[in-house]
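Every chain is numbered from 1 and lettered A, B, ... according to where its sequence line falls, protein lines coming before strand lines.
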There are 2 protein chains.
Amino acid sequence: MTAPEGRLAADEGRRRPPTAQQFVLGELRRAITTGRLRPGDPIRQESLAEELAVSRVPLREALKTLQGEGLVTYQAHRGYFVERLSLDDLREVYLIRELLEAEAVRRAVARLTDEVVEAAEQAQAEVERAAAAGDVLAMAEANRRFHMTVFEAAGLPRLVRMIRTLWDSTDAYRSVYYGEEANRRRVVEEHRAALDLLRRRDADAAVRALAAHRTHAVTSIEAVLPPP
Amino acid sequence: MTAPEGRLAADEGRRRPPTAQQFVLGELRRAITTGRLRPGDPIRQESLAEELAVSRVPLREALKTLQGEGLVTYQAHRGYFVERLSLDDLREVYLIRELLEAEAVRRAVARLTDEVVEAAEQAQAEVERAAAAGDVLAMAEANRRFHMTVFEAAGLPRLVRMIRTLWDSTDAYRSVYYGEEANRRRVVEEHRAALDLLRRRDADAAVRALAAHRTHAVTSIEAVLPPP
DNA sequence: CTCCTGTATTTTGGATCCAATATTGATTAT
DNA sequence: ATAATCAATATTGGATCCAAAATACAGGAG
């Protein structure tokens, strides 16, 4: 097994060649979030393994991980399928995010340091650059970093992990959202407002602002979802 | 929307002999929750697979699932270990449960049917029987059914799945809690009170009661956790 | 033509084997 | 003794092979 170029593994700080399984995991995530594998698609292990130049064993373990994250579903003896979110599913994910992220933001504001604010500002700068350039992928990445920076300041690693998993499960639809110029502009503005409220340590207002931010996203995504 | 198609459900309602992987998953859960595998223990694949009379392949896939659920941790090239919850971890899990379960209860109360109340009452009857008999395992099972019955009435399958995962991650410590006669009696009483509030559709009071219920549990478990 | 049935093919599930990495233990120099 | 080094062993990671199940397909009965 040849070690591929990939180093997107965000795991432990160990400097080690990634295992085939970690490589496959990253590739699968990318394939799903970029739409290369589309919601509802069955995942054929043989061909996919061949394409990634690994055997089916690490592929299957990676799929189990993705199943746990809700990116794919599994039926015994029938295989894995890219998760197809219904409208209800999407709303539910955003409802749960609301519950978890509100708490994360409150805690984060309570113990916010200048370093965190600065990191968020840097992420926001990248968001604005990507938004202007129309670079959807970079924007999604920077946007995520912006929010996670704040959440992580809460000092609740499990909570952050769950939030991250929820984000993952809707990644496939996020690129759609950023595809629209108007949405990109709105994200930039809403982030600026949220950042300002964070600087002023106004937890309640920040929570409200981010709730609205999410609502805009889900409403916009709902509009382009295929009818059931 | 109780999802008639239930894509999130584990078995899709099909009556089929379990795969080795499903069998192993169940056995591992039991081994961890009953303390047969204890927090911090490394999981030796070869011997465990032999003991369960399967190869390492389905074992490893089951472990990946448990990793996603937080019951085991994983380090590349070093293997899997039964998760050892710190005090902070335990408190964090209960905090997250608070956030999610409060919402689930509110939604459940809003659409509560007599069937659900009846199912909860039946589960409670079993809790009381097991509590009297000192049957810790049966009590844990019935207790879980009691709560899940209510949560599921919320009609939010993903939310329930996450709550269930959180419960799983602390299962190893729950049996400790039920080991105490006084705790068992308190659980019975608190359930009765909660059930009464549900019958009266008093969401706020029910949420408060269940929050106190959780607090008692976490406080009691904290007391017996080994010091860091 | 439709529906069933049995068969061939595809696809997934699992077992075994080999390779890569980590751990252990002995040995030696300081 | 202690620490470093290197061989021996144990354990995990991955590839290949075979078995079991599902799907696709062809042919025949109604």
Side-chain angles (χ1 to χ4, degrees), chain A residues 1-9 11-28 31-32 37-38 40-68 71-83, chain B residues 5 7 9-28 31 37-38 40-68 71-83:
Chain A
M1 171 46 218
T2 60
E5 91 296 350
R7 75 181 164 82
L8 24 86
D11 283 46
E12 296 100 291
R14 299 292 287 276
R15 253 284 152 262
R16 219 204 306 235
T19 61
Q21 188 185 129
Q22 293 166 330
F23 163 71
V24 168
L25 190 57
E27 288 300 303
L28 277 178
I32 293 175
L37 286 174
R38 289 185 310 187
D41 279 359
I43 293 174
R44 299 290 169 224
Q45 298 174 9
E46 188 91 41
S47 58
L48 227 171
E50 187 184 17
E51 186 179 327
L52 297 173
V54 298
S55 80
R56 282 174 50 216
V57 174
L59 171 60
R60 276 161 60 178
E61 296 196 20
L63 284 169
K64 266 281 167 278
T65 298
L66 292 179
Q67 182 192 351
L71 263 75
V72 304
T73 59
Y74 169 76
Q75 286 179 269
H77 302 292
R78 297 204 54 228
Y80 296 86
F81 301 80
V82 180
E83 173 70 310
Chain B
E5 68 282 2
R7 273 182 284 95
D11 333 45
E12 204 76 30
R14 301 287 283 267
R15 255 278 155 277
R16 223 208 302 247
T19 61
Q21 189 186 132
Q22 292 166 329
F23 163 71
V24 168
L25 190 56
E27 288 300 304
L28 278 178
L37 286 174
R38 288 184 312 185
D41 279 359
I43 293 174
R44 300 290 170 221
Q45 299 174 10
E46 187 93 40
S47 57
L48 197 63
E50 187 184 16
E51 186 179 328
L52 298 173
V54 298
S55 81
R56 282 175 50 219
V57 174
L59 171 59
R60 277 161 59 179
E61 295 197 18
L63 285 169
K64 265 282 167 280
T65 298
L66 292 178
Q67 182 192 352
L71 262 76
V72 304
T73 58
Y74 169 76
Q75 286 179 270
H77 304 290
R78 299 204 52 229
Y80 296 86
F81 300 80
V82 179
E83 174 71 309

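- Rounded to a whole Å, the CG atom of B:Leu63 is 14 Å from the C1' atom of D:dG13.
- Legend: residues meeting salt bridge (charged side-chain N to carboxylate O under 4.0 Å, His left out) with A:Glu51, ordered by chain and number and at least two apart, are A:Arg36.
- Contact annotation: the side chain of B:Leu28 approaches that of B:Leu37 to within less than 4.5 Å [non-hydrogen atoms, C-beta and beyond].
- Between B:Ser55 and C:dG14 there is no side-chain polar atom (N or O) within less than 4.0 angstrom of OP1 or OP2.
- Using a 4.5 Å heavy-atom threshold, the side chains of A:Leu71 and A:Glu83 count as separate.
- Annotation: side chain to side chain donor-acceptor pair (under 3.5 Å) contacts of B:Glu61 (sequence neighbours excluded): A:Arg60, B:Gln21.
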Pairs: protein N or O with nucleotides 9-12 of chain D N or O, under 3.5 Å:
from, atom 1, to, atom 2, distance (Å)
D:dT12, OP1, B:Ile43, O, 3.0
D:dT12, OP2, B:Gln45, N, 3.3

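- The distance between atom CZ of A:Phe23 and atom C1' of D:dA15, rounded to the nearest whole Å, is 16 Å.
- Nucleic acid contact for B:Gln21: sugar-phosphate only, since backbone atoms but no base atoms lie under 4.0 Å from a heavy atom of the residue.
- With respect to A:Tyr80, the side chain to side chain donor-acceptor pair (under 3.5 Å) criterion is satisfied by exactly one of A:Gln45, A:Arg44, A:Lys64: A:Lys64.
- Minimum interatomic distance between A:Val54 and A:Val24 (heavy atoms only, all atoms of both residues): CG2-CG2, 3.7 Å.
- One can place CD of A:Glu61 at 8 Å from C1' of D:dG13, the figure rounded to the nearest angstrom.
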